[in-house]
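Naming convention: chains lettered A, B, ... in sequence-line order (proteins, then strands); numbering from 1 in each chain. Worth saying up front: this structure is predicted, and the values here are computed from it rather than measured.
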Amino acid sequence: MERYNIKDVEKKWQNIWSSKKTDASTLDKKRKKFYCLEMFPYPSGKIHMGHVRNYTIGDALARYKRLQGFNVLHPMGWDSFGLPAENAARENNLHPKDWTKKNIEAMKRQLKLLGLSLDWDREISTCDPEYYKHQQEFFIELFKKKLVYKKDTYVNWDPAEQTVLANEQVIDGKGWRSGVAVERKKLSQWFFNIKKFSQDLLNALEKLKNWPDKVKLMQKNWIGKSFGCEINFQIDKKNKKEKIKVFTTRPDTIFGASFIALSIDHPIAKNFENNQDFIKFKLECSKSGTTEEALAVAEKIGFNTNLFAIHPFKEKIKLPIYIANFVLMDYGTGAIFGCPAHDQRDLDFANKYKLNVLPVVRPNEVDPKDFKINNEAYTEDGILFNSEFLNNLKVGKAIEKAIDVIAKKKLGEKKITFRLKDWGVSRQRYWGCPIPIVYNNKGEALPVKKKDLPILLPDDVDLNVKGNPLEKHPKWKYTKLSSGEKVIRETDTLDTFVDSSWYFLRFCSPKHKKYGYEIKDINYWMPVDQYIGGVEHAILHLLYSRFFMRALAFKNKNFGYTEPFESLFTQGMVCHETYKNEKGQWLYPDEIEKNSEGYYVTKNDKKKVAVGPSESMSKSKKNTIDPEEMINMYGADSIRWFMLSDSPPERDVQWSQEGVSAAFKFIQKIWKLNNEILNKKDTSSNSSDVVLKKAVNKTVYNVTKNLDNFQYNVVIANIHEIYNLFHDHVVNNKTSSKTLKNEWEKITMLLIPLTPHLAHECCEKVNKKFYWPKYDPKMLKEENCTIVIQVDGRKRGVLEMPVNSIEKSIVIKSKEIENVAKHLENSSIIKNVYIKNKLINFITKK
RNA sequence: GCCCUCGUGGUGAAAUUGGUAGACACAAAGGACUUAAAAUCCUUGCCCAUUUGGGAGUGCCAGUUCGAGUCUGGCCGAGGGCACCA
């Protein structure tokens, strides 16, 4: 028999697909489109199992949709700007450009080994000037629409490296490379005004019907809408009438106010810049660490300004004004009124500084006289007291009334606040898209003229300098406008999240010289019909992309899109056991083996290995498996099959050698059975033919349904089942060869999305045309059905009956079953519950 | 601290959305073929009973129902998100 040579077959089909460009897509308005997109990778140099899973899921879908007749767009590109290139460049003395290029080539070759049906003609790379020049245009477009602005903000500053660190580069308050304590430093940086779209980004979540609820909820919380009001407090100064505006969601607790707290960055705090005590206080605040968690746990401290604010309803009450470390400048107004009785933070603060604690909300059933606040604030619902016109109202009503009165007396107004912050896009880095801005000698920021774009990254940089290499590159930094005016370039580059916020548009017009996208292309292809990627991008990347679409659509009649991704699927991670040697060092899976007693030992010195829990594959824990090695051993189809078979795609999957090896064996079995069927001598038609036909029809139905629902693991089970049936029919000569061949052909078509090389090889011999088999709904209907017979809710037998049999006949037949009769003995039937074609339950009385 | 999701055999998991729990697969044990091994195929799968069969059973405790893995309430455990958001 012809042997199935995985390597030859896979190579053969990959060559055919590539030379015939079977996966290239062209705009064709007569055909229905399907845009299938997986999150593009960062070109680290090697694909990992996470990529394999992501792209296998996407490819199965793309191939399935193609077979169904859709015009499928399935592109791939590279998220190729970013810090690792700079680090690698320093370590290996290789230019980021060359390092990136080399990595892209290596990963592209690996992706091709997987047999993905990608349109490589549309390949893009974000570090390519042909890509980022359009991004610079978008930046200027946004600048002109006033969606981009500059403001001072704090960054993690590494004084040793003279550079800005990303949050994840700060470990225990120290720079990851230098180990030196990180400082908070104020820098003037560029921001995208994503806040402007807060309400719309929130509202539109509801329309994203095919997004996981989890992701929508995460975005909703991230946007964080809250209802409340602003209240103006007058500062108690003799001549001046200064005001402090505070934001609160609990205006009902206004009568419990006992202090005002301002953020360190509040304008009023500026008045104390030269005050020695305030300087000390600021220093104290900056000590508490920079991570958000550390800030959250830090003790609440304040600086007493010795100023007082007048209570808006009780002029006699003067509230001390503090500057406090727990008040954030970029939320609300940067100022709060403290109501210690009903806010834990305020209570902690009040206890520390011996401030008044007056409860104004009490639990329903508790007498006001007995209600005391000690160390725990009361934040539940309740009844207002000590609160004049709010007395005896419930919290909800009291909030409404408080806002009402405050508005009427012009003390403030109803206000909705979002916690979503504007997107800081400045990065003090070399390997990113240059921000197309220059500064004239007055320091004004001017957008670069379109004709002067792109602003190319200079190649001749010294990456070993401390700080931003662009900053230290005078030839590039100091330049002239076409008018001859001397200007300084913006040396910051853009956050790489900007690169990935519109790449899906570029895929529609990947080669267009003049524009980042062409409207006729996106009118056809957009939105992305199915986006697939890791849940780790649930917030930032997806929210930024949603913002970017709105920013482009803003004041632009030609661009009618706001939501880029019609459907979203987030796949789980690939996990593997972890191993440690006796010294507690991590070991790679191929450094260990099983000994004769079934224990894991190290390969070289046979020492005991501690097996840890299965965790998502990561280089640091060395629990990675190299996809290419696996492809070499088992073939791409086996890896794809295994990736889809073991767990539902949205859940984590355990990598297992046995699993892959089982996939490999099954592929061999399919091939063997395929040949047996094709070589089968003609036998006359048999009564079992209809059994097989029906089963195949059912399989087509199930596989189609399960593919539509992303239940790939169940699809695999469907295929196993039908294989087992075919195997039985072949071995036992149950079916005519004609039926066998006809029906088997359909199964090979079903395999195309899953194991494309094997499937094409099988199909080739019987039918050059590939198609998605259709099922006959009439054939799904069974003539007989199995009815479960219960006595008092317990199963006592089953009955094969024609579909839609009447209850009476089922009752009679049931009682004929020995075991049923036995259980009905000595008791009388009170009633029976009959569920058509499913079950009958006799309820008895002893 | 707040919010969300998930708990089903030794393992990964199915279950027509309230109707035969454990499909399909991995692992294990036993068997067949073989001089032997590999490969392949078959059987078994918790407790009681020799078999027909009976019982328990989907994290735990209650509830609704003729009937609950599925619905409701409470508890326990695991994972994830946010984190001084006023």
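On the C1' atoms, U51(B) is 27 Å away from C41(B), given to the nearest whole Å. If you take atom P in G1(B) and the same atom in C46(B), they sit 43 Å apart, rounded to whole Å. Remark: the separation of the P atoms in C26(B) and A39(B) is 13 Å, to the nearest Å. When the C1' atom is compared between A23(B) and A15(B), the two are found 8 Å apart, to the nearest whole Å. Separating the C1' atom of U70(B) from that of A14(B) is a span of 14 Å, rounded to the nearest Å. When the P atom is compared between C76(B) and C24(B), the two are found 39 Å apart, to the nearest whole Å. Comparing the P positions of A68(B) and C60(B) gives an interatomic distance of 15 Å, to the nearest angstrom. Using C1' as the reference atom, U44(B) and G22(B) are 15 Å apart when rounded to the nearest Å.
Using cut-offs of 30° and 60° on the angle between ring planes, the pair Phe666(A) and His720(A) is tilted. Between Phe233(A) and His311(A), the two ring planes are perpendicular [angle over 60°; tilted spans 30° to 60°]. The aromatic rings of Tyr4(A) and Trp671(A) sit tilted relative to each other, their planes meeting at an angle between 30° and 60°.
For G1(B), the OP1/OP2 oxygens have no side-chain nitrogen or oxygen of Arg345(A) closer than 4.0 Å. For Arg419(A) and C3(B), the shortest distance from a side-chain N or O to OP1 or OP2 is not below 4.0 Å. Between Asn724(A) and the phosphate of A23(B), there is no side-chain N or O to OP1/OP2 separation shorter than 4.0 Å. OP1 and OP2 of C82(B) both lie 4.0 Å or more from every side-chain N or O belonging to Lys220(A). In terms of phosphate contacts, His823(A) brings a side-chain nitrogen or oxygen within less than 4.0 Å of OP1 or OP2 of G54(B). Between Ser645(A) and the phosphate of A25(B), there is no side-chain N or O to OP1/OP2 separation shorter than 4.0 Å. Checking the phosphate oxygens (OP1, OP2) of A13(B), a side-chain nitrogen or oxygen of Arg651(A) falls inside 4.0 Å. Regarding contacts with the backbone of A83(B), every side-chain N or O of Asn221(A) stays at 4.0 angstrom or more from both OP1 and OP2. Phosphate contact (OP1/OP2 of G55(B), side-chain N/O of Arg796(A), threshold under 4.0 Å): present.
Among the protein residues, Val327(A) comes within range of the nucleic acid bases, having at least one heavy atom under 4.0 Å from a base atom. The residue Lys795(A) sits close to a base: some heavy atom pair falls under 4.0 Å. Using a 4.0 Å heavy-atom criterion, one finds that Ser661(A) contacts no nucleic acid atom at all. Residue Gln654(A) is out of contact with every strand shown, counting any heavy-atom pair closer than 4.0 Å. Using a 4.0 Å heavy-atom distance criterion, Ile843(A) is classed as a sugar-phosphate-only contact. Asp792(A) comes within 4.0 angstrom of nothing in the nucleic acid, heavy atoms only. Gln711(A) comes within 4.0 angstrom of the backbone, heavy atoms only, and of no base. Nucleic acid contact class of Asn832(A) (heavy atoms, under 4.0 Å, all strands): none. Across all strands shown, Lys836(A) has no heavy atoms under 4.0 Å from either base or sugar-phosphate atoms.
Across all strands shown, G9(B) forms no Watson-Crick or G-U wobble pair with both key distances under 3.5 Å. Base pairing of C75(B) is made with G59(B), judged by Watson-Crick or G-U wobble geometry with both donor-acceptor distances under 3.5 Å. With a 3.5 Å ceiling on both atom-pair distances, C33(B) lacks any Watson-Crick or G-U wobble partner. Base pairing of G18(B) is not made with any nucleotide, judged by Watson-Crick or G-U wobble geometry with both donor-acceptor distances under 3.5 Å. When both pairing distances are held under 3.5 Å, U44(B) makes a Watson-Crick or G-U pair with A28(B). With a 3.5 Å ceiling on both atom-pair distances, U52(B) lacks any Watson-Crick or G-U wobble partner. A 3.5 Å limit on both hydrogen-bonding distances identifies G81(B) as the Watson-Crick or G-U partner of C2(B).
U17(B) takes the syn form, because its glycosidic angle lies no more than 90° either side of 0.
Using a 4.0 Å cut-off between charged side-chain N and carboxylate O, Arg794(A) and Asp792(A) make no salt bridge. Look at Lys778(A) and Asp776(A) and you find no salt bridge, because none of the NZ, NE, NH1 or NH2 atoms lies under 4.0 Å from a carboxylate O.
When distances are taken from the side chain of His720(A) to each of A23(B), A25(B), G12(B), the shortest belongs to A25(B). The side chain of Ser647(A) sits closest to A13(B) out of C26(B), C85(B), A13(B).
When rounded to the nearest whole Å, the span between CG of Leu347(A) and P of A86(B) equals 18 Å. Look at CZ on Arg794(A): it is 9 Å from P on G57(B), rounded to the nearest Å. For the pair Leu725(A) CG and A23(B) C1', the computed distance is 14 Å after rounding to whole Å.
Taking the nucleotide of RNA chain B with the nearest heavy atom to each of Lys838(A) and Asn713(A), the more 5' of the two is matched to Asn713(A). Mapping Leu839(A) and Lys665(A) onto RNA chain B by nearest heavy atom places Leu839(A) at the nucleotide closer to the 5' end.
Taking the six-membered ring wherever Trp is involved, the centroid distance between the rings of Tyr634(A) and Phe642(A) does not fall below 6.0 Å.
A donor and an acceptor atom sit less than 3.5 Å apart, one in the side chain of Lys300(A) and one in the base of C84(B).
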